[in-house]
2 protein chains.
Amino acid sequence: MTTETAGIEDRGSAVDQVVDAIRRLIRERNLGIGDALPSEIELAAMFDTSRNTVREAIRMLKAYGIIESRQKVGAVITDRRQQALMELFSFAIDISAENFLDIQGFRRLVEVNLSDLLFQAIDAAALARLEAINEAMRLAPDLPEAARLDFEFHAALVGSAGNQTLSQVYGILRPLLQRLMEAGKASRIAIDSAYDDHGDIIAALRQRDRIAYAYHMNRHLHAGLQFIQTPKEPGQI
Amino acid sequence: MTTETAGIEDRGSAVDQVVDAIRRLIRERNLGIGDALPSEIELAAMFDTSRNTVREAIRMLKAYGIIESRQKVGAVITDRRQQALMELFSFAIDISAENFLDIQGFRRLVEVNLSDLLFQAIDAAALARLEAINEAMRLAPDLPEAARLDFEFHAALVGSAGNQTLSQVYGILRPLLQRLMEAGKASRIAIDSAYDDHGDIIAALRQRDRIAYAYHMNRHLHAGLQFIQTPKEPGQI
DNA sequence: CCCTTAATTTGTTGGTCAACATACCGTCGA
DNA sequence: TCGACGGTATGTTGACCAACAAATTAAGGG
C-alpha cells in the first residue's frame, strides 16, 4: 500500500518540520541579523513539540551558520555561512584522506603565486609581524615549537593577502601542515635554512619584487619537500 | 584558576566535542562511504556522555551531509555535502558581494596559476574533453545550461591538474560557483566571449605556453567578474 | 557605585515510549 | 526431508519528558 498519510505534508521528520517552521518564522517576522529568536520553550509551545526537538532543529541551523546561541540570551540570527562552508571543506579533507604530497602540492600552488594579492594588500605592519615570527622561529627552544612558528609564518603570509576564503582554508589545514613541517624540521640546520629563506621572501616582498618572491618561495617549499618523501603512514591522516 | 589547557581541548560545548570525536573515530578507523557508525547508545558510552548529546552531534553531521541515519539501521557515512551546501545557500540570505568576490579571488588565484601542474599532468584525452565541453557550451539551449557547462569546463580543467585536494574543493564549491557563473552569463554575448576565451586557453595548454595560458585565463576570469559588481539585495534574510 | 542575589535561558543528562527494520525461529506444506 | 512462509524477538532511531547545572543578565541592597 502507499502511504496513507496523504493529508498532511509529512515530509521529513519532526525536526525538519521545525527547521522549516523556524525559517518561515524568520521570513514572516522579517527578522534580520542580530535579532533574537524566541526561547526554546516558547518555540516548542509554538510548534507543539518538545524542547529537545527544537534543540535539534536549532543545532541544524547552527550547523548552517544561520544562528548562534548564547546562554541566557537565546538564539540570535547571524550569517556565519562562510565558516560553515569551511567546515564542509574540512570534512572533505577528513574523508578523502589525501596524502601529504597532495596537500603540499596544493600549498605550493597557492603560496608561490600569492604575490599579486600580497603586493596589493601587505603593509609595513604585516612585514614587521612576519619578521618577528621568523626571528622567534630562529630562537625557538625546540623543534616542534620551531615547526609551529614556521606554520605561523606561512599562515601570517597567507593572511596578509586579505582573502578570507584562503585564510580559512589554511586554518583548516593547520594541523596537517604543522605535522608536515615537523617532519621537515628534523634538524637545526633545516630551521636555519628556513630562516634564511623566510628572510629572502620578506626582502622580496618589501621590494615588491615578484620574480624574487616566486623564486625564493618555490625554492623554500621545494626544500621542505625533500625531508618528507616518506609520509608517516600512507593514506592516513 | 583558569585551566591551563589541561591536556584536552575544552573548547566548545559537549556537542562540539562529540562532533570532533566522531570525526576522529571516522578517521582513525578509516571508515568510508557506506560504513556504519556505532549506535547512539554505544557512542554515548564511548564518549561518556548522554544519548541526547550524541543525537545533537549527529544532527550537526547530518547538516554537513556526511552521515545519514535511517531508523533501525543506524547512522551511515555518506557524501551529500553538495546537497548540504545547497541547503546552506537556500536560506534566503543573499550571498554578500564581498563573499562572492572573495571566493572568486580564491578561484583566480588557483586557476590562473595552475599551469605548472597542468603542463605536467594533462594529456590529449583531457584536452579533447575540454574542447567537447566548450563546444557543448556554445550550443547550449539556454543560459543556465551554458553556465553549468562553463563550470564543467573549469572543473575539468582543475581536475586535469591531478591534485585531489583541489578537485575536492571544486566539487564542493560546484553549486556556489555555478551560481556565480549564472550571474556572469546574463547574455548570449557573454557565452560567446567565454567560448573564445576557453578556446584560447585550450590552445595555450596544447602549446604548453605558460604566458599565454596565464594571460587568457586572467582575462577570462576578470571578464566574468564585471557582471557581478552589483549584489541583488544586500543583507536580507 | 559595587556587590549580592534572583530569575531566565541554554546546556546536559537520564529515562520512557513508539515505530520500525532486520534476523531468527518455528510451523506448515510440498 | 526440505523449503517457503509468517510471526516474534531484538536492537536501533525518533520523539518526548523531567530535572538539574551553568551562565548570564537584571534587579535589589549595602
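All values below come from the heavy atoms of this structure, side chains included, with hydrogens, waters and symmetry mates left out. Naming: A, B, ... by sequence-line order, numbering from 1 per chain.
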Heavy-atom closest pair (A:E40 atom, A:V54 atom, distance to 0.1 Å) is O-CG1, 4.1 Å

note: A:E56, atom CD; D:dC17, atom P; distance rounded to Å ~ 14 Å

Contacts of B:Y64 meeting ring pair (Phe, Tyr, Trp, His ring centres under 6.0 Å) (sequence neighbours excluded), chain-then-number -> A:F91

Those residues at least two apart in sequence (or on a different chain) that pass ring pair (Phe, Tyr, Trp, His ring centres under 6.0 Å) with B:F153 are B:H198

Closest of D:dT12, C:dT10, D:dG14 to the B:E42 side chain is D:dT12

Contact list (N/O, under 3.5 angstrom) for nucleotides 24-27 of chain D vs protein:
none

Looking only at C:dG11, D:dC16, C:dT12, the nucleotide nearest the A:K62 side chain is C:dG11

From CG of A:L43 across to C1' of C:dT10 the rounded distance in Å is 12 Å

Q. Below 3.5 Å, does any donor atom in the side chain of B:R51 face an acceptor in the base of D:dG14, or the other way round?
A. yes

The complete set of salt bridge (Lys or Arg N to Asp or Glu O under 4.0 Å) pairs with one or both residues in residues 151-167 of chain A, sequence neighbours excluded, reads A:R148-A:E152, A:E152-A:R174

Between CD of A:E40 and C1' of D:dA23 the distance, given in whole Å, is 14 Å

Residues passing the salt bridge (charged side-chain N to carboxylate O under 4.0 Å, His left out) test with A:E68, sequence neighbours excluded, are none

Between CD1 of B:I67 and C1' of D:dG14 the distance, given in whole Å, is 14 Å

Considering only heavy side-chain atoms of B:N52, the closest of D:dT12, D:dG14, C:dG15 is C:dG15

For D:dA15, does either OP1 or OP2 sit under 4.0 Å from a side-chain N or O belonging to A:S50?
no

Testing C:dT12, D:dA15, D:dT12 for proximity to the side chain of A:T53, the answer is D:dA15

inquiry  = Would you say A:S69 places a side-chain N or O within less than 4.0 Å of OP1 or OP2 belonging to C:dG11?
reply    = yes

Checklist line | B:E56 bridged to A:K62 by N-O distance under 4.0 Å | finding: no

Applying salt bridge (charged side-chain N to carboxylate O under 4.0 Å, His left out) to A:R138 and not counting sequence neighbours gives A:E135

Taking OP1 and OP2 of D:dC16, is either one under 4.0 Å from a side-chain nitrogen or oxygen of A:T49? yes

Whole-Å distance, B:R55 CZ to C:dG11 P, equals 17 Å

Rounded to whole Å, CD of A:E68 lies from C1' of C:dT9 at a distance of 16 Å

